[in-house]
Amino acid sequence: MSDTDAIPYEPPDAGDELATLVGSLERQRRTFAWKCSGLDAAGMRATIGASAITLGGLVKHVSLVEASYFQERLHARDPGSPWNTVDWDQDPNWDWRTGAEDPPELVLALWHDTVARSREALHEALERGGLEQLGRYTWPDGRSPSLRRILIDLIEEYARHVGHADLIRESVDGLVGEDPPR
């Protein structure tokens, strides 16, 4: 069984706020995985137009965002490897650059592992409380994001990048569609 077999295919039609937010995030993750999977290295490095965005770069970038939000912002934890080994001041586009260079299996495995850790982190937070709970991370001005805000930010991040992935993937092999096959 894959890690998504037990995950709802889409948000509930009339669920509560938590089920709707988590379902929406999972739908975006599932669509993103579909658009970015099954390609060779050339397909993962392809670009369109003047953009330098690649599917490999998108996958690694979204992995970073998952780790940043669910580990750092939600739990104030170290995001783990490879994120904590990068000199971001020296190489601020490291995720985009290396995602395009790394073998597809490596970036996709990183993403799958990061998503699994994010799901665990979310489950742990939900055992503590609801969507209104504040993340353990505090910005320099003293504010902390709520779990609700973290989920909304991740949904937005995926939605934007699923659109990028749609365009790139269609240019690579013609794959189109809104949802992956069930």
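Computed from a predicted structure; not experimentally measured.
Of all the heavy atoms in Pro82 and Thr85, the pair that sits closest is O-OG1, 2.7 Å. Taking every heavy atom of both residues into account, Ala121 and Gln71 meet most closely at CB-NE2, 3.7 Å. Summarising the geometry of Ala19 relative to Pro12, their closest heavy-atom pair is O-CD, 3.5 Å, with the distance given to 0.1 Å. For the residue pair Pro79 and Arg117, the shortest heavy atom distance occurs at O-NH1, 3.0 Å. Considering every non-hydrogen atom in both Thr20 and Gly15, the closest pair reads OG1-O, 3.5 Å.
Trp96 and Leu64 fall into different hydrophobic clusters, defined by Ile, Leu, Val, Met, Phe, Trp and Tyr side-chain heavy atoms under 4.5 Å apart, directly or through other members. Cluster annotation: Ile152 is connected to Leu25 through the hydrophobic network of ILVMFWY side chains, with a link wherever side-chain heavy atoms come within less than 4.5 Å. Using a 4.5 Å cut-off between side-chain heavy atoms of Ile, Leu, Val, Met, Phe, Trp and Tyr, with links allowed through other members, Leu58 and Val86 fall into different hydrophobic clusters. In the hydrophobic cluster analysis, where Ile, Leu, Val, Met, Phe, Trp and Tyr join through side-chain heavy atoms closer than 4.5 angstrom, Phe70 is grouped apart from Leu110. Hydrophobic clustering, with ILVMFWY side chains joined whenever heavy atoms are under 4.5 angstrom apart, keeps Val65 apart from Leu106.
Note on ring orientation: taking the six-membered ring where Trp is involved, the planes of Trp83 and Trp94 are perpendicular (angle over 60°, cut-offs 30° and 60°). Using cut-offs of 30° and 60° for the angle between ring planes, the His164 and His161 rings count as tilted. Aromatic ring orientation, Tyr158 versus Trp111: perpendicular (interplanar angle above 60°, classes split at 30° and 60°).
The CG atom of Asp173 sits 12.0 Å away from atom CD1 of Ile168, with the distance rounded to the nearest 0.5 Å. Rounding to the nearest 0.5 Å gives a distance of 5.5 Å between CG of Leu21 and CG of Leu151. Taking OG of Ser24 as the reference point, atom CG of Leu154 lies at 12.0 Å (rounded to 0.5 Å). One distance of note links NZ of Lys35 with OG1 of Thr31; it measures 8.0 Å at 0.5 Å rounding. Between the CZ atom in Arg143 and the CG atom in Leu134 there is a gap of 11.5 Å [rounded to 0.5 Å]. Atom CG of residue Leu122 and atom CG of residue Leu18 lie 7.0 Å apart, to the nearest 0.5 angstrom.
Glu72 contributes no side-chain N or O that, together with a main-chain N or O of Tyr137, makes up a donor-acceptor pair within less than 3.5 Å. In this structure, the side chain of Asp87 engages the main chain of Gln90 through a donor-acceptor pair within 3.5 Å.
Between Arg128 and His75, the closest side-chain pair of non-hydrogen atoms falls below 4.5 Å. Between Ser37 and Leu108, some side-chain heavy-atom pair lies under the 4.5 Å cut-off.
At a threshold of 4.0 Å, the pair Asp179-Arg27 counts as salt-bridged, since one of the basic side-chain nitrogens sits closer than that to a carboxylate oxygen. With respect to the salt-bridge test (charged N to carboxylate O, under 4.0 angstrom), the residues Arg149 and Glu156 do not qualify. The pair Arg119-Glu26 meets the salt-bridge criterion, with a side-chain N (NZ, NE, NH1 or NH2) lying under 4.0 Å from an Asp/Glu carboxylate O.
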TODO: Carefully, step by step, assess Val115 and Phe32 under the rule side chain to side chain contact (heavy atoms under 4.5 Å, CB included).
DONE: CA-CA 12 Å; Val115 168; Phe32 184 77; over 6 Å; no
Open item on the list: Is there a side chain to side chain contact (heavy atoms under 4.5 Å, CB included) between Gln28 and Glu157? Walk through the geometry before answering.
Closed with: CA-CA 9 Å; Gln28 294 297 323; Glu157 185 79 11; over 6 Å; no
- [ ] May I have the step-by-step check of side chain to side chain contact (heavy atoms under 4.5 Å, CB included) for Leu126 and Leu147, ending in yes or no?
- [x] CA-CA 9 Å; Leu126 290 171; Leu147 177 53; 3.7 Å; yes
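By the neighbour-count criterion of 12 heavy atoms within 6.0 Å, atom CG of Asp13 is sparsely surrounded, having that number or fewer from other residues, nucleotides or ligands. Within 6.0 Å of atom CZ in Arg160, more than 12 heavy atoms from other residues, nucleotides or ligands are found, so the atom counts as buried in its surroundings.
Within the cation-pi definition used here (under 6.0 Å to the ring centroid, within 45° of the axis), Arg73 qualifies as a partner of Tyr69.
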Only pairs under 3.5 Å count here: list side-chain donor-acceptor contacts from residues 43-56, not counting sequence neighbours, and write none if there are none.
{"from": "Ser51", "atom 1": "OG", "to": "Ile53", "atom 2": "N", "distance (Å)": "3.0"}
{"from": "Thr54", "atom 1": "OG1", "to": "Gly57", "atom 2": "N", "distance (Å)": "2.8"}

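When hydrophobic side chains of Ile, Leu, Val, Met, Phe, Trp and Tyr are connected at separations under 4.5 Å, Trp34 ends up clustered with Leu175.
Donor-acceptor pairing under 3.5 Å is recorded for the side chains of Ser118 and Glu66.
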